[in-house]
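Some notes on the structure that comes next.
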Amino acid sequence: MKLQLGVALPNALERAVILDRDGTLIDFVRDSELGVVTPAFHPAHVRFLPNVLHGLELLAKAGYALMIATNQPGAAKGELSEESIVTTNQALLDRLAEHSIPVLGIASCLHHPEGGDGGRADLIGPCTCRKPKPGLLLELAKLAQVEPASCWMVGDTLTDVRAAHAAGMQSALLSLEERCEICPHRGPIPSERLASAEPRLKEPRLLDLATAIVRLDAQHHG
Ligand SMILES: [Mg+2]
Ligand SMILES: [Zn+2]
């Protein structure tokens with residue numbers, strides 16, 4: 001696991017929201033001529049998805065510690081360098097700081113179980129951090145000094161939902177209604193698969209998820 005620190009919080013918070021990076025906070029990079037979709041791998045690729053900044057602002061104002069957990073197997077697969085992953089993450093932290101959104105840190109799993117041609121041998125193999133395993137999430141909860149049960153994991157795939165449950169956290173799924181034409185894995189999740197993962201919340205926009213998280217916690221904690 002690679003941890004990159006963002007902004008330290010002035011005082012301890014009781015609750016936290018951990019967010020997935022690709023497809024949740026920032027968009028993928030699409031080359032429609034080649035029909036290729038890749039996660040952002042350069043600072044210039046950091047493009048926030050619609051209303052993400054508003055959603056994060058709402059959560060920060062409501063007193064949540066914000067953190068990011070991301071699987072980045074590109075170096076293990078031989079597709080990217082670790083440096084390109086780290087500089088892209090740093091650009092994301094910088095952009096969030098420019099918008100005065102306090103994010104404690106980004107935890108990245110750089111591993112991949114099978115790797116790929118030219119992949120870095122030290123990153124190939126099983127690990128305890130790659131989502132749906134809970135390692136990244138538990139490490140971040142520790143960083144924020146928040147109990148896992150008081151944390152939410154927000155992501156756009158069932159892998160994020162399963163990681164949340166494995167870590168003993170609440171899950172919120174960003175369920176995109178529109179299918180991207182060149183990314184077959186994007187778009188609505190089949191209902192039977194969705195039912196098997198049982199996300200606590202499901203909304204098509206991050207701002208709606210943020211609002212629902214704040215409302216739900218307010219009901220429970222008075
Ligand atoms: Mg994602
Ligand atoms: Zn890992």
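Start at 1 and go down the list; that is how both ligands and their atoms are numbered. If you're wondering where the values come from, they're calculated on a predicted model, not measured in any experiment.
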Which N, O or S atom of [X] lies nearest to the Mg ion (ligand 1), by name:
| X | answer |
| --- | --- |
| D156 | OD1 |
| D20 | OD2 |
| D22 | O |

Does CG belonging to D117 count more than 12 external heavy atoms closer than 6.0 Å? no
min-distance N/O/S atom, H111 vs the Zn ion (ligand 2), resolves to ND1
Under 3.5 Å, side chain of T24 to main-chain N/O of R21, donor-acceptor pair present? no
About how large, to 10 degrees, is the angle SG of C127, then the Zn ion (ligand 2), then SG of C129? 120°
K2/E82 salt bridge by N-O under 4.0 Å criterion: yes
For S108 versus N89, what's the shortest heavy-atom pair and its separation? OG-ND2, 2.9 Å
Heavy-atom side-chain contact between D20 and M153 under 4.5 Å: yes
